[in-house]
Number of protein chains: 2
Amino acid sequence: MKSVEELTARFRAHGLRVTPQRQAVFRLLAGNDTHPTVEAIHAGVRAEMPTVSLRTVYQTVHDLARLGEVHVLDVGTGQVRVDPNVEEAHHHLVCTRCGRMDDVAVEAPAPPATPGFRAERVEVIVRGTCAACEAAAGGPHRAPGGATVRRTEHETAHETAHETQEATCRS
Amino acid sequence: MKSVEELTARFRAHGLRVTPQRQAVFRLLAGNDTHPTVEAIHAGVRAEMPTVSLRTVYQTVHDLARLGEVHVLDVGTGQVRVDPNVEEAHHHLVCTRCGRMDDVAVEAPAPPATPGFRAERVEVIVRGTCAACEAAAGGPHRAPGGATVRRTEHETAHETAHETQEATCRS
DNA sequence: TTGTTCCTGACAACTATTGCTGATAAAGTG
DNA sequence: CACTTTATCAGCAATAGTTGTCAGGAACAA
């Protein structure tokens, strides 16, 4: 991700105004190799600027995405996440319990030749359980038969993300 | 996907009741190699049984997913899609404009060895444009500068999916 | 400074999905 | 078949995440 100054310049160059609120978002993303949710960015920005609205953060994130400075990712965890790393090709680990994302270096297969479909991008998502959730759940040898087999992964991720994510899965 | 009779038996074996509503859902999915949204299933079921509620379809789909008879996929198009094909390993083409999904045979890379993350499943998503949307948008040589550069793919898919999907992208 | 354009922030609206509940109907039993 | 038990249905309300709306205000050009 580019520096705050570079982003400021790019915004100006594209006719977008640079406001203190936007710079606060820039600052938060510039020194960030995680994949924060919009909510998390909002919380971070409010720490130094308590009046910023969620709407503004969404808009700024979308502007950054439009300029290609970030990627907006939706991998089915119920919340959009922002990936500041657009320079190097990479893919993602997604924790099915808390929704946490991390970068991973796997080479994607070549887009297949599919008549009737113009492939543009290949995305690899490795789903699994992050260390924090593994520990929180009592380790890999947890007795089956409980909630784990009664819900789909999708449901579980959705439901637990809200409460457990920040508490258990921050690195 | 199993036949309606097999699904009926499996539901009974698991203590789930088999109702006409559920069998209508079974019937719709059994002869279906597309990846319908819950909404689309609901519409199909209502064609022969107009009182069935969306709630019931959701519940039946979740029951099917719990028994492993379908996969519930959320690839960030704003709607969950049901994949009746659980027998053969496969991945998906996703149209970024209408959200339409199709199966594709690409071999996934091996899950990387990642300390602090227990990989369970590797998912490959090929994003692009389906033939119908390509045609609807005026072909691949459409002049840039319009809506296409003013919005992220994510936004576009979200917004256009509701109206254009069934109209332009049914095979 | 002045005008214009764009942005902000509060709130409401919107979409997809799920919780709740009285009434209903499927399985099992006699 | 009649009866009992208990999961399910349908409809509505609620929820979370995201976006539209709009009055007021800030940033930039002249």
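Chain letters run A, B, ... following the sequence lines, proteins first, then strands; residues in each count from 1. Just the heavy atoms: all of them, side chains too, but no hydrogens, waters or symmetry mates, feed the values below. Worth saying up front: this structure is predicted, and the values here are computed from it rather than measured.
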Main-chain N/O of [Y] paired with [X] side-chain donor or acceptor, under 3.5 Å:
| X | Y | answer |
| --- | --- | --- |
| B:Glu87 | B:Met1 | yes |
| A:Arg118 | B:Cys130 | no |
| B:Arg127 | A:Glu123 | no |
| B:Arg121 | A:Gly128 | no |
| B:Arg81 | B:His35 | yes |

Practice task
Return the set of residues passing ring pair (Phe, Tyr, Trp, His ring centres under 6.0 Å) with B:Phe26 (not counting sequence neighbours), or none when no residue passes.
Solution key: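 B:Phe26 satisfies ring pair (Phe, Tyr, Trp, His ring centres under 6.0 Å) with B:Phe11 only.
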
Practice task
For the residue pair A:Arg46 and A:His42, confirm or rule out a side-chain donor-acceptor distance under 3.5 Å.
Solution key: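 Distance-only check passes for A:Arg46 and A:His42.
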
Practice task
Please list, by residue number, the residues of residues 43-54 of chain A whose heavy atoms come closer than 4.0 Å to an atom of DNA chain C; answer none if no residue qualifies.
Solution key: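 Result for residues 43-54 of chain A: A:Thr51, A:Val52, A:Ser53, sorted by number.
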
Handout entry: Qualifying salt bridge (charged side-chain N to carboxylate O under 4.0 Å, His left out) pairs, either residue in residues 11-33 of chain A, two or more places apart
Key =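 Qualifying pairs, neighbours excluded: A:Arg22-A:Asp63, A:Arg27-A:Glu48.
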
Separation of [X] atom [atom1] from [N] atom [atom2], in whole Å?
| X | N | atom1 | atom2 | value |
| --- | --- | --- | --- | --- |
| A:His62 | C:dT8 | NE2 | P | 14 Å |
| A:Arg66 | C:dC6 | CZ | P | 12 Å |
| A:Gln59 | D:dT21 | CD | C1' | 12 Å |
| B:Asp63 | D:dA7 | CG | C1' | 10 Å |
| B:Leu64 | D:dT8 | CG | P | 12 Å |

Handout entry: Below 4.0 Å: OP1/OP2 of C:dT8 and any side-chain N or O of A:Thr19
Key =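 For A:Thr19, the contact criterion (side-chain N or O under 4.0 Å from OP1 or OP2 of C:dT8) is met.
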
Exercise for the section: Return no unless some side-chain N or O of A:Tyr58 is found under 4.0 Å from OP1 or OP2 of D:dT18. Expected result: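 For A:Tyr58, the contact criterion (side-chain N or O under 4.0 Å from OP1 or OP2 of D:dT18) is met.
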
Handout entry: First encountered from the 5' end of DNA chain C, between B:Val38 and B:Val18
Key =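 The residue closer to the strand's 5' end, by nearest nucleotide, is B:Val38.
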
Handout entry: Inter-axis angle, terminal five-pair segments of the helix from C:dT1-D:dA30 to C:dG30-D:dC1 [nearest 10°]
Key =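 About 30°, once rounded to a multiple of 10°.
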
Practice task
Could you list the residues that satisfy side chain to side chain donor-acceptor pair (under 3.5 Å) with B:Thr56, not counting sequence neighbours?
Solution key: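 With sequence neighbours excluded, B:Thr56 shows a side chain to side chain donor-acceptor pair (under 3.5 Å) to B:Ser53, given in chain and number order.
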
Problem - Residues touching DNA chain D, which here means a heavy atom under 4.0 Å, drawn from residues 7-17 of chain A - result: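 Under 4.0 Å from DNA chain D: A:Arg12, A:Arg17.
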
Exercise for the section: Determine whether A:His91 and A:Val126 make a side-chain contact, defined as any pair of heavy atoms from C-beta on separated by less than 4.5 Å. Expected result: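 Counting from C-beta outward, A:His91 and A:Val126 never come under 4.5 Å.
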
Problem - Among D:dT18, D:dT19, C:dA26, the one nearest B:Pro20 by side-chain distance - result: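 In terms of side-chain proximity for B:Pro20, the closest of D:dT18, D:dT19, C:dA26 is C:dA26.
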
Problem - A:Arg22, nearest nucleotide to its side chain (from C:dT18, C:dC7, D:dT18) - result: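 So the side chain of A:Arg22 is nearest to C:dC7.
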
Exercise for the section: Evaluate the criterion side chain to side chain donor-acceptor pair (under 3.5 Å) for residue pair A:Thr8 and A:Glu5; output intermediate values, then yes/no. Expected result: CA-CA 5 Å; A:Thr8 300; A:Glu5 292 74 28; over 6 Å; no

